[in-house]
Every structure is written in C-alpha cells, then in structure tokens.
Amino acid sequence: MTTQSSPTLRRRRLARRLRQMRENARMTLAEAAPRLQKTRSALGRIEKGETAADVHLVRSMMDLYDQYDENLEAMVLDAMVPGWWVPYGIKDRGFIGLETEAELSLTSQLVYVPGLLQTEDYIRAVFSTGSVRRSKKAFENGVAARRFRQRRLTDKEFPLSLTAIVDEAVLRKRVGGTDVMRAQLLWLAEAAELDTVTIRVIPNDVGAHPGMDGSFTLLEFQDPEDPPLLYAEYPTGAVHVERPEEVSSARLIFDMALSVALSLDDSVTFIRRVAHEL
C-alpha cells in the first residue's frame, strides 16, 4: 500500500520556494503583502504552508519579484490535490499529510500507546473517551483512517520507520479494560519484530527522566530539502514546529530519554511480563 503523495508536504515545499523568491527580491513581508493585495499575516501563512496559494497569486508573485519559475504553477496545482484522508472526512491539521511523506517517525509517549501501534479495540476505546465528540460515521472513519496510516509500517515500496519510547505508565493504564489492554500489549511485543519498528520502554524504576515534560513526535524526510518537524498535541489542538533550534532540542531530549530506556529485547520482555500480570 503506497499512499499518494501528500498535498501537505507539496504545499510546504511551495511555501518555502515562495519565501525564497521574496527574500531574493529583497522585500519584506510588510512590503510585499499590500502589493499582492494581502495582509502581512495572510502572506505569512502562505509562506509557512498553512494556507494554500492559488495560481493567480503565484503569477502575481513572479511578476512582483521579477522571477519566473516554470514549475511553480504545476506545484500550485499539485498542492491542491486532496489527500488520501479527505474521503474519511478528516480535516488534517498538517500532521497526517506530513507523516504520509516521512521516512522516519520518532515518538515519545507518556500516556497512550503510539497511534501507529494501536490495535483497533484500543483505538475505539481511546476515541470513546476522548475530548472530541464524534458522530457514528466520523468515529468509524477515524478508526479506519488510523488503521490505514498503520499500513505504512509494512509498505513494501515506501515504509515508515518508527522508533517509539513509551513510559511504563502507558503499559499499565488499562485502556478499554483488561482484555483489550492485554491484546494491545501482546501486539506491541509482536510489532517490535518488524524491521521498521523499534520499541523502547522506560520503566518506573528509572525515576525522573528527560522525556517527562510531555509527549511529542519528530518526523524526518527522505528529501534533505524537507526539514524535520516537531509535533506535539494538547487537549484542543496541536503544534507543528520547524524552527531548527527547537527541533534539535527535541531530538536531544529524545536521545537522552532513549539512553535511559531498556534495550529493545528487554523492552519486549518487559511488555510481555506486564501483559501476563494483567
């Protein structure tokens, strides 16, 4: 199952090119925005890839910046193609689209089993008790979409490699009840045998550790021109961070947490033991 290219990443690449054009023209956002009939904040969102640019705007940019790129219009049209998640009724805030194109996901989790490793029953239990109220159709679409994302771990053409650090609390919390959680833990142990999956557990005996400030995910991409991304959720939304210094700091925290986690083999043994203790 190779998913189609993500419009989120294509929009991100387009945004980076548009920002480079403006900077090459030695114009500030404040100078360029009114001449493009945009507010400074609106143009800023386009240059961050948060808002899509249309063909007419890009043509005006090429005129204003006195730079012509024959590929730009095609990039705009490509960025408008709906992502695979649209038929599921999901309004992607950016992460799903970027994960679709990522080749490496590094995640540190304190409460939940990482989404890419959740069983269907676990997913249903999480969605049933979450803060977001879903209609029956939205609920089922959400479950199906998460299961679809998981297929990247076994995709033959473009697999996603996942390294997951999980706190022992994740394993002890009986999401969905004892039977659901036991099946979830046994699946974690089995998934760890995949070439694309590494699971490392931080046991309670470690005490305080570098990853305790919050769960987060880092995405890295095959194309060196696509910078890595830091993603973190909060109760009513999520943040995407591309600033190199913040992404580097998060990677350092991840590596420090990894250094105090159990080895892969010991982690799998630990997970199986917890499953049998339930």
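These values consider heavy atoms only, across backbone and side chains, with no hydrogens, waters or symmetry-generated copies.
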Carboxylate-amine/guanidinium contact [X] [Y], below 4.0 Å:
X	Y	answer
E140	K136	no
K38	E47	no
E31	R35	no
E190	R272	no
E242	R12	yes
R182	D179	yes

Under a 3.5 Å distance rule, please check whether [X] uses its side chain to pair with a backbone N or O of [Y] as donor and acceptor.
X	Y	result
R11	A79	no
Q109	V166	no
Y122	V175	no
R13	D226	no
T129	A125	yes
N141	Y88	yes
R152	E99	yes
N24	Q20	yes
R45	T51	no
T217	T107	no

Following the transitive rule for hydrophobic clusters with a side-chain heavy-atom cut-off under 4.5 Å over Ile, Leu, Val, Met, Phe, Trp and Tyr, establish whether [X] and [Y] coincide in one cluster.
X	Y	value
L116	I271	yes
V126	V111	yes
V197	L218	no
I199	I165	no
L194	V268	no

Run the side-chain contact (heavy atoms from CB on, under 4.5 Å) test on Y231 and L219 for me, step by step, so that the C-alpha distance in whole Å, both residues' side-chain angles and the decisive distance to 0.1 Å come before the verdict.
CA-CA 8 Å; Y231 173 82; L219 295 179; 5.8 Å; no
Between [X] and [Y], is any pair of side-chain heavy atoms under 4.5 Å apart?
X	Y	answer
P203	F270	yes
L278	M181	yes
D54	M80	yes
K173	Y112	no
R147	E120	yes
S128	F139	yes
L64	R22	no
E233	F95	no

What residues form a side-chain contact (heavy atoms from CB on, under 4.5 Å) with D205, not counting sequence neighbours?
none
What class does the angle between the rings of F216 and F254 fall in, given that below 30° is parallel, 30 to 60° is tilted and above 60° is perpendicular?
perpendicular
Can you tell me how far the [atom1] atom of [X] sits from the [atom2] atom of [Y], to the nearest 0.5 Å?
X	Y	atom1	atom2	value
M21	Q67	CE	CD	5.0 Å
L160	R151	CG	CZ	14.0 Å
L43	Q37	CG	CD	12.5 Å
D167	R200	CG	CZ	14.0 Å
D213	I253	CG	CD1	6.5 Å
E101	F221	CD	CZ	8.0 Å

Distance under 6.0 Å and angle within 45° of the ring axis: does R134 meet both against F127?
yes
Non-hydrogen atoms of [X] and [Y] that approach each other most closely:
X	Y	result
H240	L229	CB-CD1, 3.8 Å
V76	A53	CG1-O, 3.2 Å
T196	L153	OG1-O, 2.7 Å
A257	G211	CB-N, 4.2 Å
P159	D155	CB-O, 3.3 Å
W84	A145	CH2-O, 3.7 Å

Counting only heavy atoms from other residues, nucleotides and ligands, does the tally under 6.0 Å from [atom1] of [X] exceed 12?
X	atom1	result
N204	CG	yes
E277	CD	yes
D195	CG	no

side-chain contact (heavy atoms from CB on, under 4.5 Å) between M61 and L72: does it pass, once the steps are laid out?
CA-CA 10 Å; M61 287 177 167; L72 268 186; over 6 Å; no
Could you walk me through whether I202 and L262 pass the side-chain contact (heavy atoms from CB on, under 4.5 Å) check?
CA-CA 6 Å; I202 299 182; L262 298 175; over 6 Å; no
Going by side-chain heavy atoms closer than 4.5 Å, which hydrophobic residues are tied to L252, directly or by a chain of links?
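Result for L252 is M256.
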Between T39 and S41, do the side chains contain a donor N or O and an acceptor N or O under 3.5 Å apart?
yes
Residues L171, V201; criterion side-chain contact (heavy atoms from CB on, under 4.5 Å); working and verdict
CA-CA 9 Å; L171 310 179; V201 175; 4.0 Å; yes
Looking at I123, L117, T119, L162, which one forms a side-chain contact (heavy atoms from CB on, under 4.5 Å) with Q150?
I123
